[in-house]
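Take a look at the structure set out below.
FYI, side chains are in, hydrogens and waters are out, and symmetry mates aren't considered; it's all heavy atoms of this structure.
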Amino acid sequence: MANERKTLDKVRNIGIMAHIDAWKTTCTERVLYYTWKKHKIWEVHDWAAEMDWMEQEKERWITITSAATTCFWWDHHINIIDTPGHVDFTVEVERSLRVLDWAVTLLDGSQWVEPQTETVWRQADKYWVPRIIFVNKMDKLWADFYMSVESIKSRITDKWVVIQLPVWQADEFSAIIDILKMKMYSFEGEKWEKEIENEIPENMLAKVNEYREILIDKVSMFDDELAEKFLWWEEISIELIKRAIRNWTINNELYPILCWSALGNKWVQLVLDAVIDYLPTPLDRWTMKWLDPDDETKILERKPDDNEAVSAIAFKIMTDPFVWILTFVRVYSGVIKSWDALLNPITGQRERVWRLLLMHANKREEIESVHAGHICAFLWLKDTRTWNTLCDMKKPIILEKMEFPEPVISMAVEPRSKADQERMWIALSKLAYEDPSFKYYSDEESGQTIIAGMGELHLDIIADRLKREHKVAVDTGKPQVAYREAITVNSEWEWVFKRQTWGRWQFGHVLLRLEKLEDKNYEFEPQIKWWSIPNEFIPAIDKWAKETMAQWVLAWYPVINIKVIPYDWSYHDVDSSEIAFKIATYRAFKDAFMKANPVILEPIMDVEVVTPEDYVWTVMGDLSGRRGMIQWQDKRWNATVIDAKVPLSEMFGYATDLRSNTQWRANYTMQFASYEKVPENVSKKIIEERSGKVKKMDEE
């Protein structure tokens, strides 16, 4: 029976990732239909897709939050996570990839590999996630499978291997050829459910043989038995080729390429077969780095086995108006049952597992237990945050920390009434609890509440959710860029704090050196003999250096990429105190910072515009006017692709301007690239504006 528990060799945990509008959700909806999970295909464009369940997703036809579901195919249990494609929600992709065993990369068959596809591919590389590539939309106008393969080679990997070829393309797409079986397949029936096998057409044999030789040549590099048969022109069995492809796909040495049409309901069954044939089980994927909570330099081991002690990861949290908090958990070892008590080694708190839920988007089915290798949702965990470990009370273990990106854009939100103000803070805390890339705080200068995120759309969704889900009436301000400050040269400064307060003297003496960092935001490295100052004052210096960075120096923006080195100090046995060293650190840091030729940094975005050739110069002129630097341009069929680096501050309202300038015929994508120095004239203007605001507040 499909609902019986499967052994781990029959379990697949997959994520579907791609650029926006590659039809990931459409793909998931087809998989659910053909695996008999549902009896009707619901469409994204009809606002009816089950995986896009949020109102904001239905209205915008995009995926905003990762949605999990489960289905069965040929006696295999498949857990699926459908991830967003928009760059503003890339953290949803990253935390999903961290717990999945492998991923499906979808490509639009009428486009080259698009920017967000490159981003999620790099994320999958980061976590060593095996992948299979599906070239989708093969029945779309301008679809070209061979162009897609070329773009895969040039943009993301040279480890590709084609295992399917299309018979015709675009509106003539009618069948596919399985290169391993050397057969052509088409489907008939109301929903293309009946498989038809035929011989390969004569006019396709040369190309099929060409790609089959490439396939055998690549996989034989990793398999001695296959290589020997290949060299001696012996017959090679399909099972041997499949074994080699699977082994090296699991090891990230090969990425199989298939083709299909999700919207056209064509060849979904063959795609599901490939999932079972080539991709890893939880037994094959054991790359997690487990640590000892008492000594994080010590590596521990937990096998994916029901008989092992429990170890699991909370990778996603969703607040629900009806059941309060749902925590999505991947179980790596052991069995968790309802009412079990688990340890959260991050907080040191015990968590009671009240109820276990098997999720299908926002629908849920209660279950009694969850086993190693599976994903489910826990109800009402009170102290567990995203990326916390849950484990056996008597055998603690912890997973290495996951880093989340810092926000690049902010916006003020104002409640319309006192009642709204009280509800707003509760709602913001829930939203931040869900989303590690979303921050909120009260601006000490203006008294406003500031929300910060990964892009305009991200903040727009947050504001909309405040109004709809949490019934908080708010007004929003203009988005603001998250500028940063940094030093350009190393410097040092000395400060002595000596003052009498309430009849008692306070004394603190610190000499600080500030150095530039390239790949870290902050580092603290005391370089003084341990006996020259009591140990309790060293944490005070570290703490106040970090607080000074956050409180801003040059133009009241946070400081990044800096190393703080206290290299000398002195203290008084009676008069020295923690507060005295804090003040001395604060003044020494600020003065050393101003001596180090500080600059303001701004977020720079990678912008890719696809436009008809008629508007190339208009688009390039507009980007240049926004302080953009054109990196390259290229022809893509009947369009031109322009790649540029543009400051985020200049990109507000760009979507409207681009449509106007090109009569709605161009589109663009944008993602964060780096922080770079602001030009002198812009920096001067920013400092003047920020200084004016502070001066005005002081006067008030």
Side-chain angles (χ1 to χ4, degrees), residues 20 47 52-67 83-93 95 316-322 324-326 362 386 404-483 603 605 648-657 659 668-672:
I20 192 170
W47 304 283
D52 284 348
W53 57 270
M54 294 175 65
E55 290 300 318
Q56 295 86 351
E57 292 177 315
K58 294 179 184 295
E59 291 174 357
R60 292 167 171 82
W61 293 357
I62 62 171
T63 299
I64 292 169
T65 184
S66 297
T83 66
H86 197 286
V87 66
D88 284 15
F89 310 107
T90 190
V91 69
E92 289 282 332
V93 183
R95 61 181 172 182
K316 176 180 171 63
I317 294 172
M318 185 171 76
T319 58
D320 186 294
F322 302 105
W324 183 236
I325 294 175
L326 287 170
N362 66 331
T386 299
F404 293 104
E406 288 296 316
V408 297
I409 189 171
S410 63
M411 180 171 70
V413 291
E414 290 292 336
R416 293 180 182 173
S417 68
K418 186 176 181 180
D420 286 324
Q421 184 173 20
E422 293 172 358
R423 290 198 301 268
M424 182 181 73
W425 283 98
I426 295 172
L428 289 174
S429 68
K430 289 181 180 180
L431 293 170
Y433 192 74
E434 286 184 29
D435 184 353
S437 64
F438 168 66
K439 311 288 184 186
Y440 70 98
Y441 59 93
S442 180
D443 190 333
E444 294 181 3
E445 299 174 27
S446 63
Q448 291 179 309
T449 300
I450 305 298
I451 60 174
M454 304 309 296
E456 285 185 272
L457 179 60
H458 190 191
L459 296 187
D460 183 40
I461 296 297
I462 292 291
D464 194 52
R465 291 185 65 189
L466 281 174
K467 297 171 185 176
R468 292 195 191 190
E469 294 175 27
H470 301 281
K471 311 302 179 187
V472 179
V474 295
D475 295 314
T476 57
K478 181 182 177 182
Q480 301 293 318
V481 175
Y483 292 104
M605 313 302 287
L648 175 61
S649 61
E650 303 289 345
M651 290 300 293
F652 297 137
Y654 182 66
T656 302
D657 290 345
R659 292 167 186 158
Y668 82 103
T669 57
M670 179 174 72
Q671 59 186 338
F672 174 75

query = Would you say the side-chain atoms of E456 pair up with the backbone N or O of F652, donor to acceptor, closer than 3.5 Å?
reply = no
Worked verdict on M411 versus I462 for side-chain contact (heavy atoms from CB on, under 4.5 Å) = CA-CA 11 Å; M411 180 171 70; I462 292 291; over 6 Å; no
S66 OG to F89 CZ distance, which is reported to the nearest 0.5 Å = 11.0 Å
task = Compare every heavy atom of W425 with every heavy atom of Y441, then report the nearest pair and how far apart it is.
result = C-CH2, 4.4 Å
message = Return the CG to CD distance between D88 and Q671, rounded to the nearest 0.5 Å.
response = 11.0 Å
key: Whether Q421 side chain and P415 backbone form a donor-acceptor pair below 3.5 Å   = no
task = List the steps, then state whether side-chain contact (heavy atoms from CB on, under 4.5 Å) holds for T449 with L428.
result = CA-CA 10 Å; T449 300; L428 289 174; 3.8 Å; yes
key: Which atom of T386 lies closest to which atom of E434, heavy atoms considered   = OG1-O, 4.1 Å
query = Can a salt bridge be assigned to the pair R423 and D420 using a cut-off of 4.0 Å between side-chain N and carboxylate O?
reply = yes
request  = Side-chain contact test, heavy atoms from C-beta onward, threshold under 4.5 Å: evaluate it for Q480 versus I450 and give yes or no.
outcome  = no
ask   = Which atom pair, heavy atoms only, marks the closest approach of A482 to P603?
value = O-CD, 3.8 Å
query = Taking only residues two or more places apart in sequence or in another chain, which ones pass side-chain contact (heavy atoms from CB on, under 4.5 Å) with M605?
reply = V607, L648, M670, F672
message = If I compare all heavy atoms of M454 with all of V408, which pair ends up nearest, and what's the gap?
response = O-CG2, 3.7 Å
query = Is there side-chain contact between P84 and T65, with at least one heavy-atom pair below 4.5 Å?
reply = no
query = Measuring from F404:CZ to K439:NZ, what's the distance to the nearest 0.5 Å?
reply = 9.0 Å
ask   = Do K430 and I426 come close enough that some side-chain heavy atom pair is under 4.5 Å?
value = yes
message = Could you measure the distance from the NZ atom of K316 to the CD atom of E92? Nearest 0.5 Å is fine.
response = 3.5 Å
request  = For L459 and G453, work out which heavy atoms get closest and say how close.
outcome  = CD2-N, 3.5 Å
remark   = Taken to the nearest 0.5 Å, the spacing of K418 NZ from M424 CE works out to 14.0 Å
inquiry  = Run T476 and D460 through side-chain contact (heavy atoms from CB on, under 4.5 Å) and show every step you take.
reply    = CA-CA 9 Å; T476 57; D460 183 40; over 6 Å; no
query = Which distance, rounded to the nearest 0.5 Å, do you find between the CD1 of I325 and the CE of M318?
reply = 11.5 Å
key: Any residue meeting side-chain contact (heavy atoms from CB on, under 4.5 Å) with D435, in chain and number order, not counting sequence neighbours   = V91, S437, F438, H458
